[in-house]
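Notes to accompany the following structure.
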Amino acid sequence: MTVSPNRTASHTGLGARLGLLTSAAAICLTAVLSTGQPLRAQDANAVIAKVNGAEIRQSDLTVAEEELGPSLQQMDPATRRDNLIAFLIDMKIVAKAAEAKKIGDSAEFKQKIAFARDRLLMDSLLATEGKAAVTDEAMKKVYEDATKQVSGEKEVRARHILVPTEEEAKAIKAELDKGADFAKLAKEKSKDPGAADGGDLGFFTKEQMVPEFSAVAFALEPGKISDPVKSQFGWHIIKVEEARDRKPPDFEQVKGQIQNFVIRKAQADYVTKLRTEAKVERTDKPADAAAPAATPDAKAAPAKKK
């Protein structure tokens with residue numbers, strides 16, 4: 001979808017890392033999806049291959065699915081399963097060869113193992129904290145607080161025609177004053193990417209457009225057409241189609257975004273709490289110049305569009 005050069009947009013910085021699924025329920029589910037048959041309890045972690053006597057179990061396949069599954073989404077379940085098992089077999093073979101060369105004894109390898117362990121521990125704990133924070137009550141509160149800010153905010157639906165020069169804008173305005181169809185002229189003459197839609201910008205609030213455009217659009221009555229308006233993008237002719245109080249989306253429409261927000265905020269708050277309790281020393285710079293470590297963003301700032 002083409003974005004109008006006048007809009008600004010909000011981006012929700014949402015999507016926390018969830019760690020590895022290792023529960024018996026997840027293992028059983030993966031097995032059912034892969035084979036089409038439910039497993040008996042004693043088979044939930046069945047051996048699915050052996051490499052020089054070393055076992056590869058269903059739980060190993062589950063971990064590999066979590067790590068590599070997204071890159072294999074285009075494959076059907078049976079092919080994906082075969083590829084994951086082939087990867088696990090190759091990994092066992094190559095890892096054994098690496099052990100024979102004593103690669104695991106190097107300082108660099110041990111450092112990477114320590115980093116990976118800390119990262120997995122961090123991801124797992126933050127996933128637990130985030131999951132615990134997601135309750136119906138918490139999500140409803142976030143929704144209610146957000147809708148209070150939206151309630152009463154005005155928005156308009158408008159069309160516009162964008163041209164490079166004032167002369168062109170004046171000529172178009174003259175045609176409109178004589179009764180020319182706005183949408184048709186927008187398709188023919190507007191340089192805006194949304195010209196194919198007859199210059200229709202949909203509903204927007206004042207903050208979503210550049211100030212010069214908003215000032216005129218929100219002063220016009222529905223059905224009225226503006227004189228040429230200059231902005232950083234060129235010259236606009238604006239027609240307001242409708243004005244209304246902004247309506248917040250239904251809870252179910254934004255439930256996923258709210259859930260991600262609650263998770264990210266809980267994780268950020270938890271990291272902040274732990275940091276205040278920890279003794280942190282930066283030896284690479286003076287203490288008063290040391291910047292705090294990064295935490296997951298609970299909310300992303302709105303980003304300006306052209």
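Residues take their numbers from the sequence shown, with the count starting at 1.
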Discussion item. Is there a side-chain contact between Lys191 and Pro164 in this structure, where contact means two heavy atoms from C-beta onward sitting under 4.5 Å apart?
Written reply: yes
Response to the item:
In short, Ala243 meets Pro222 closest at the heavy-atom pair N-CG, 4.2 Å
Worksheet item: Val216 and Ile237: same hydrophobic cluster, using ILVMFWY side-chain contacts below 4.5 Å?
Response: no
Worksheet item: Under 4.5 Å between any side-chain heavy atoms of Lys247 and Phe203, yes or no?
Response: no
Worksheet item: Crowded around Gln253 CD? As in, over 12 foreign heavy atoms under 6.0 Å?
Response: yes
Discussion item. Check for me, please, whether Leu121 and Leu125 land in the same ILVMFWY cluster - side-chain distances under 4.5 Å, paths through other members count.
Written reply: no
Fill in: Check against side-chain contact (heavy atoms from CB on, under 4.5 Å), Asp245 and Lys154
CA-CA 5 Å; Asp245 288 336; Lys154 300 294 183 183; 2.5 Å; yes
Worksheet item: What is the distance from atom CG of Asn83 to atom CG of Leu68, rounded to the nearest 0.5 Å?
Response: 10.0 Å
Practice prompt. Tell me, with the steps shown, if Val210 and Gln232 meet side-chain contact (heavy atoms from CB on, under 4.5 Å).
Written response: CA-CA 9 Å; Val210 292; Gln232 66 199 75; 3.9 Å; yes
Item to complete: Measure the CZ-CG distance between Arg57 and Leu88 for me, rounded to the nearest 0.5 Å.
Response: 13.5 Å
Fill in: CD1 on Ile172 to CD on Glu188, rounded to 0.5 Å
10.0 Å
Item to complete: Indicate yes or no: at least one non-hydrogen side-chain atom of Val240 is less than 4.5 angstrom from one of Glu221.
Response: no
Discussion item. Please tell me whether Ile89 and Leu61 are part of a single hydrophobic cluster in this structure, the criterion being side-chain heavy atoms less than 4.5 Å apart.
Written reply: yes
Worksheet item: Taking Lys170 as the fixed residue, which of Glu167, Glu166, Glu168 is the one that meets the salt bridge (charged side-chain N to carboxylate O under 4.0 Å, His left out) rule?
Response: Glu166
Discussion item. Please determine whether a side-chain nitrogen of the Lys or Arg among Lys140 and Asp136 lies less than 4.0 Å from a carboxylate oxygen of the Asp or Glu.
Written reply: no
Fill in: Cluster check Ile161, Phe233: I/L/V/M/F/W/Y, side chain < 4.5 angstrom
no
Fill in: Nearest atoms (heavy-atom pairs only) where Gly130 meets Ala266
CA-CB, 4.5 Å
Fill in: Arg80 side chain vs Met75 backbone, donor-acceptor pair below 3.5 Å
yes
Worksheet entry | SB check Glu144 Lys148 (cutoff 4.0 Å) | no
Fill in: Nearest-0.5 Å distance that lies between atom CZ in Phe213 and atom CD1 in Ile238
4.0 Å
Discussion item. Could you check whether atom CG of Asn52 has more than 12 heavy atoms from other residues, nucleotides or ligands sitting under 6.0 Å from it?
Written reply: no
Worksheet entry | Test item: Asn45 side-chain N/O and Ser59 main-chain N/O as donor-acceptor pair under 3.5 Å | yes
Discussion item. Between Thr62 and Glu65, is the side-chain hydrogen bond (donor to acceptor under 3.5 Å, both in side chains) condition met? List the steps.
Written reply: CA-CA 5 Å; Thr62 300; Glu65 176 78 32; over 6 Å; no
Worksheet entry | Minimum side-chain heavy-atom gap Val63-Glu66 below 4.5 Å | no
Discussion item. For a 4.5 angstrom cut-off between non-hydrogen side-chain atoms, does Glu99 reach Lys101?
Written reply: no
Practice prompt. Please determine if Glu155 and Arg244 form a salt bridge, counting it only when a charged side-chain N lies under 4.0 Å from a carboxylate O.
Written response: yes
Worksheet entry | Short N-O contact, Asp269 and Lys273, less than 4.0 angstrom | no
Worksheet item: Hey, is the main chain of Glu212 close enough, under 3.5 Å, to the side chain of Ser231 for a donor-acceptor pair?
Response: no
Worksheet item: Between Met139 and Val134, is any pair of side-chain heavy atoms under 4.5 Å apart?
Response: yes
Practice prompt. Find out whether Lys224 and Lys239 are in side-chain contact, i.e. whether some heavy atom of one side chain is under 4.5 Å from a heavy atom of the other.
Written response: no
Item to complete: Kindly indicate, with the supporting measurements, whether the criterion salt bridge (Lys or Arg N to Asp or Glu O under 4.0 Å) is fulfilled by Asp200 and Arg157.
Response: CA-CA 8 Å; Asp200 192 354; Arg157 176 178 166 232; 2.9 Å; yes
Discussion item. Donor-acceptor pair, distance only, cut-off 3.5 Å: does the side chain of Asp197 make one with the backbone of Gly199?
Written reply: no
Item to complete: Determine, for Glu137 against Lys141, whether the closest basic-nitrogen to carboxylate-oxygen distance falls under 4.0 angstrom.
Response: no
Item to complete: Determine, step by step, whether Lys184 and Lys187 satisfy the side-chain contact (heavy atoms from CB on, under 4.5 Å) criterion, reporting the C-alpha distance in whole Å, the side-chain angles of both residues, the deciding distance to 0.1 Å, and the verdict.
Response: CA-CA 5 Å; Lys184 183 179 178 183; Lys187 291 178 182 180; 5.9 Å; no
Worksheet item: Closest heavy-atom contact between Thr147 and Pro248?
Response: CG2-CB, 3.6 Å
Worksheet entry | For His160 against Ser190, the heavy-atom pair lying closest together | O-OG, 4.2 Å
Practice prompt. Work out which heavy atom in Ala138 is nearest to a heavy atom in Ala133; give both atom names and the distance.
Written response: CB-O, 3.6 Å
Worksheet item: When you look at Lys189 and Glu175, which way does the side-chain contact (heavy atoms from CB on, under 4.5 Å) test go after all the steps?
Response: CA-CA 12 Å; Lys189 300 179 181 289; Glu175 289 187 61; 3.4 Å; yes
Item to complete: Just say parallel, tilted or perpendicular for the rings of Tyr143 and Phe251, cut-offs at 30° and 60°.
Response: perpendicular
Discussion item. Could you check whether any side-chain N or O of Glu67 sits under 3.5 Å from a backbone N or O of Ala64, counting only pairs where one atom can act as donor and the other as acceptor?
Written reply: no
Worksheet item: Do other residues, nucleotides or ligands put more than 12 heavy atoms under 6.0 Å from the CG atom of Asp76?
Response: yes
Item to complete: Write down the atom of Lys173, the atom of Ser226, and the distance for their closest heavy-atom approach.
Response: CE-O, 3.0 Å
Worksheet item: Out of curiosity, does Ile48 fall in the hydrophobic cluster containing Leu72 (side-chain heavy atoms, cut-off under 4.5 Å, transitive links)?
Response: yes
Discussion item. Using 0.5 Å steps for rounding, measure from the CD atom of Gln267 to the CD atom of Glu129.
Written reply: 9.0 Å
Worksheet item: So how far is it from Lys265 NZ to Ile258 CD1, rounded to the nearest 0.5 Å?
Response: 14.5 Å
Discussion item. Are the side chains of Leu162 and Trp235 in contact, using a 4.5 Å heavy-atom criterion?
Written reply: no
